[in-house]
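Take a look at the structure set out below.
Since we're looking at a predicted model, the values are computed, not measured. Residue numbers begin at 1 in each chain, while the letters A, B, ... track the order of the sequences.
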Amino acid sequence: MKDVFSEVTMYYDYSKIEKKWQAIWDEEGTFKASNDSDKPKFYALVEFPYPSGQGLHVGHPRPYTALDIISRKKRLEGYNVLFPMGWDAFGLPTENYAIKTGIHPEIVTKNNVAHFKAQLKSIGYSFDWSREINTTDPNYYKWTQWIFIQLFKKGLAYKKEFPINFCTSCKVGLANEEVVAGKCERCGGDVIHVVKNQWMLKITEYAQRLIDDLDLVDYIDRVKTSQINWIGRSEGAEVNFPLKDKSDSLTVYTTRPDTIYGATYMVISPEHPFVDKYAESIENIDEVMGYREEAAKKSDFERTELVKDKTGVRLKGMDAVNPISGEEIPVFVSDYVLMTYGTGAIMAVPAHDQRDYEFAKVFSLPIREVISGGDISEAAYTDSENGVAVNSPLINGLKGKQAIDTMIEEIEKRGLGERKVNYKLRDWVFSRQRYWGEPIPMVYCEKCGWQPLNEESLPLMLPKVENYLTTDTGESPLANMPEWYNTTCPKCGGKATRETDTMPNWAGSSWYYLRYTDPTNDDALASKKALDYWLPVDWYNGGMEHTTLHLLYSRFWHKFLYDIGVVSTPEPYAKRTSHGMILGENNEKMSKSKGNVVNPDEVVERYGADTLRTYEMFIGDFTQAAPWSENGVKGCKRFLDRVFKLPEMVQGGNGYSPAMETAIHQTIRKVGEDIDNMKFNTAVAALMKLLNVYTDNGKINREDLKVFLILLNPFAPHVTEEIWSSCSFPSQIAKTPWPVYDEEKCVEASVEIPIQINGKVRARITVSASADEKEISAAAHECEGIIKALEGKSIIKEIFVAGKIYNIVAK
RNA sequence: GCGGACGUGGCGAAAUUGGCAGACGCGCAGGAUUUAGGAUCCUGUGCCGCAAGGUAUGCAGGUUCAAGCCCUGUCGUCCGCACCA
């Protein structure tokens, strides 16, 4: 068959075949998971996409195909598999599109979802579409709101002043990703921080458990490490430094109490409350306030990128006393101390902290060595393990942990402070001044304060608005709708107003895997029975970019739901893996502007879904980034074309053909193990190799063909089912057991052993697999090449590694 | 600066974890087929060399009978985080 419109010859009508099998799967409900089954369960999960206007790109199918392969194999192995898909559909691009076009986000979302779904279907994934969910569906976000209310009731949701990004020219609140280099992404205007009273979630309360329970799960190390680093646990002490002539003391957090004798000054953050509290006694308060304003004006970008030189102002009239040395020391404000970490104040030990050292140099402050081992005239010596304490009467001669512990004990004994653990992790800012998100189900009443809505009244529907732009003051568009926000207090029935902020994108995705287990339940986010049956997710694959936010947030919510008895497992995901990115042909990240974007629709159209799937798996190591290659796609198409012609080679015979039996058993083992270990590229290679074996053999029988089709089926489900059916094999591959291999039959009858002299191969001999060292040694010494190479040399020793190598060491 | 990943043919990559480097695919070359191109099939293909042989996993050392793999140093690329006291 020739396709005159394209260079690609159609050896079989993949388009027709693929549509046919997709229709059969739909009609027969082939991949529907049962909530009531005798089979062991297996819950495979991929991150549900944000249905953007651009549609799918070739990066999406990589993880989807991978877990589809795993799911398909698990089904053939007798598991009841749940492999669901849905839409994380709240979010900025849709909203921005609505602002531009005036089209309601709901309609945009609906269209985008339809497009995405058609694309996914065309690739032939074995998703259970009967469980499709959408975070923007009121029946879904009802439960997102319900979870929020539970968090509030347990004191884990609270309001706090927190700055947002605000574009001074568009007069619009911006998300962090809309701020580029301190400017508004769309208009280039200046972005400033405006303080808003926002909802926060106390994820910090779970910090320790989020670290500890990583021991309960099988996550790739990279993920564990970055979660641990992100949470950033540190151990140290809080120490009170009394203020001279004042009744207060300044509390600092330090991980190096062993250096306290070296604390020659203190620094507090510009936002520290003491600046206000003691404004009257600070002689240079105007200067200090000026510094504070400058610091507030700086964007995060400037604060981190541009500030290399330390700046600050001394607080005149406010000195502190080092509680251990008794020394009087000055206090500074500087923006290198952050209000958001620790106590917002530090004891500065310039001799043993890089930042303090730099600051001390700028302000000519004393640098006193209290840990020996470095050269403090050159740089701060920060080694906390090997340095020995000096000039520190209480701990002289001690080092490392011992010095630290002794000092903390002393501090506690004297009532100057206490041992303290700190985390870098901060509470989760849960408010967005945006339209396209879940309304926060809270009401403010003058009399009763913040009150949650009655749970029976959920969902609190997102109302229709006329304008999707935030207000001039950066409030959500809902703040322009008095008819919506004016309401009554659920507690006292008096006048009250609704919260007009909405939830962040991460809300709906923090619990979506629970909803799949029972997606239409009206009485609960899912029935206890369904949750207990399916949880935890057995295998969750997603991008590294979601490791610190989404993955941590959803673990937090899950633990909370565990604490209130909704779920029965402490962790949501038993296993987490991560895929690499697919790059453009030029080895760069795919992007419209670079013109290197490959559209999966075109690939499906020109080469077929099976080819797309096979190539995405063959492209390289699943966990690494890999560049797209059109020629690589063609190679996979060629492979499937050859497979399609396999039935032509079929001749009689029962069981596997003896000449190829070993290769077949080896391939069953290899493909099975490779799929389990996500080494899809070598699994495809093994199948290509087996096809070469078949081709070289010139003929195959029906068993040889059958096993090949089953092994290839998870990768190329359509063409393998088609060949299966055209050969009149029974039923469908989807209902056929995965083949088993026999370890003994994987062993070759004879092996080739390389004979080395001093590590260099000089000859090869072929011996039976059972040959022992004696036989091999004898054979080796008969080889001409070996005899020649050994001439004039004496043998020192001979090393034999069974099945691998025979090495003669000679001089 | 800190943390992580990585560096192997012309290209994408393999290498059972210390045992024949380059499986499998692309590309390329030669041949077959074809009116021609495309497609397909066969053969070859790390580099140097006619060959024997030599040489090769970013670079420099080390351990070992044996190193892509382990150790030390060094250079380079990519990703994440950004003064976390």
Distances for protein N/O vs nucleotides 1-9 of chain B N/O pairs under 3.5 angstrom?
unit_1 : atom_1 : unit_2   : atom_2 : d
B:rG3  : O2'    : A:Asn229 : ND2    : 3.1

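- Between the P atom of B:rG12 and the OH atom of A:Tyr615 lies a distance of 11 Å, rounded to the nearest Å.
- Taking A:Phe644 as the reference, A:Tyr12 meet the ring-ring contact (aromatic ring centres under 6.0 Å, His included) condition, with sequence neighbours excluded.
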Kindly indicate, with the supporting measurements, whether the criterion side chain to side chain donor-acceptor pair (under 3.5 Å) is fulfilled by A:Asn422 and A:Ser234. CA-CA 5 Å; A:Asn422 246 316; A:Ser234 73; 5.5 Å; no
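- One interatomic measurement links the two molecules: NZ of A:Lys804 to P of B:rU16, which rounds to 9 Å at whole-angstrom precision.
- Taking 4.0 Å as the cut-off between side-chain N and carboxylate O, A:Lys679 and A:Glu673 do not count as a salt-bridged pair.
- Remark: A:Arg419 engages A:Asp405 in a salt bridge, criterion side-chain N to carboxylate O under 4.0 Å.
- Closest to the side chain of A:Tyr253, out of B:rG19, B:rA85, B:rC24, is B:rA85.
- Contact annotation: A:Asn587 does not reach the phosphate of B:rU77 (side-chain N/O to OP1 or OP2, under 4.0 Å).
- In this structure, A:Asn631 reaches the sugar-phosphate backbone alone: every heavy-atom distance under 4.0 Å involves primed, P, OP1 or OP2 atoms, never a base.
- Nucleotide B:rU17 carries a syn base; the chi torsion (O4'-C1'-N9-C4 or O4'-C1'-N1-C2) is within 90° of 0.
- Following rounding to the nearest Å, A:Asp356 (CG) and B:rC83 (C1') show an atom-to-atom distance of 10 Å.
- Ionic pairing of A:Glu616 and A:Arg62 is not present here: no N-O contact between side-chain nitrogen and carboxylate oxygen is shorter than 4.0 angstrom.
- Where A:Ala685 and A:Lys670 meet RNA chain B, the nucleotide closest to each residue was compared, and A:Lys670 sits on the side nearer the 5' end.
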Hey, what are the protein-to-nucleotides 53-55 of chain B N/O distances that come in under 3.5 Å?
unit_1 : atom_1 : unit_2   : atom_2 : d
B:rU55 : OP2    : A:Lys760 : NZ     : 3.4

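- Side-chain atoms of A:Lys797 lie closest to B:rC65 of the nucleotides B:rC65, B:rA13, B:rA85.
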